[in-house]
Amino acid sequence: MAAYWLFKSEPQVFSIHDLHKAPGKKTSWEGIRNYQARNYLRDTVRKGDGVLFYHSNADPMGIVGTAQVVKEAYPDHFAWDPSHRYHDPDSSPDKPTWFMVDIRLQTTFPRIITRDMLAADPVCSGMLVLKRGSRLSIQPVTEAEWLAVQRLAES
DNA sequence: GCCAACGTTGGC
DNA sequence: GCCAACGTTGGC
């Protein structure tokens with residue numbers, strides 16, 4: 001059975017509009033440099049899982065659409081490129097430290113589901129992303145939360 | 001711009 | 001292995 005996730009992105013770095021413009025509306029999700037998020041990506045995120053696309057550090061902040069995992073974890077080769085901002089000298093092709101997945105855009109919501117809207121919803125108010133100091137950029141989402149977000153997007 | 005939260009680093 | 005210093009994230 002498919003699982004659900006929330007992926008954070010700063011829109012000035014990569015927005016849902018960038019994903020919309022990408023070839024096949026697909027992108028690799030590289031640059032995850034946190035072990036807990038890495039473990040989710042590598043061990044738990046599976047092809048077909050649903051992704052809530054979240055804009056952080058933005059105005060307004062919130063969930064802007066959904067995507068689907070189309071390729072499961074493979075080594076984040078950006079870590080091996082010394083000139084890249086995601087370079088990590090401790091990672092190597094032999095023993096990769098970091099992983100990434102590919103996602104494809106599913107839906108761009110007609111309006112952003114803001115943090116206020118999430119907080120006001122009895123189900124979504126429990127979401128990890130609302131927790132103070134929740135810095136995790138790959139977060140698990142329950143099916144109830146996933147469905148509640150869809151409902152908010154349609155209302 | 002501020003700062004709380006929290007992960008990482010490095011000296012011991 | 002402890003912990004202080006430091007860096008980053010990200011909401012406000």
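It should be emphasised that the depicted structure is a prediction, and the values quoted were computed from it without experimental measurement. Just so we're on the same page: letters track the sequence lines, and every chain starts at 1.
- Taking each heavy atom of A/Ile138 and A/Ala37 in turn, the nearest pair found is CG1-CB, 3.8 Å.
- A/Glu145 places none of its side-chain heavy atoms less than 4.5 Å from the side chain of A/Val129.
- Atom NE2 of A/His20 sits in a sparse spot, with 12 or fewer heavy atoms from other residues, nucleotides or ligands closer than 6.0 Å.
- Along DNA chain B, read 5' to 3', the first and last nucleotides having any atom under 4.0 Å from a heavy atom of chain A are B/dA4 to B/dT8.
- No donor-acceptor distance shorter than 3.5 angstrom exists from the side chain of A/Glu30 to the backbone of A/Asp76, with no hydrogens or angles considered.
- Minimum interatomic distance between A/Ala2 and A/Gly48 (heavy atoms only, all atoms of both residues): CB-O, 3.8 Å.
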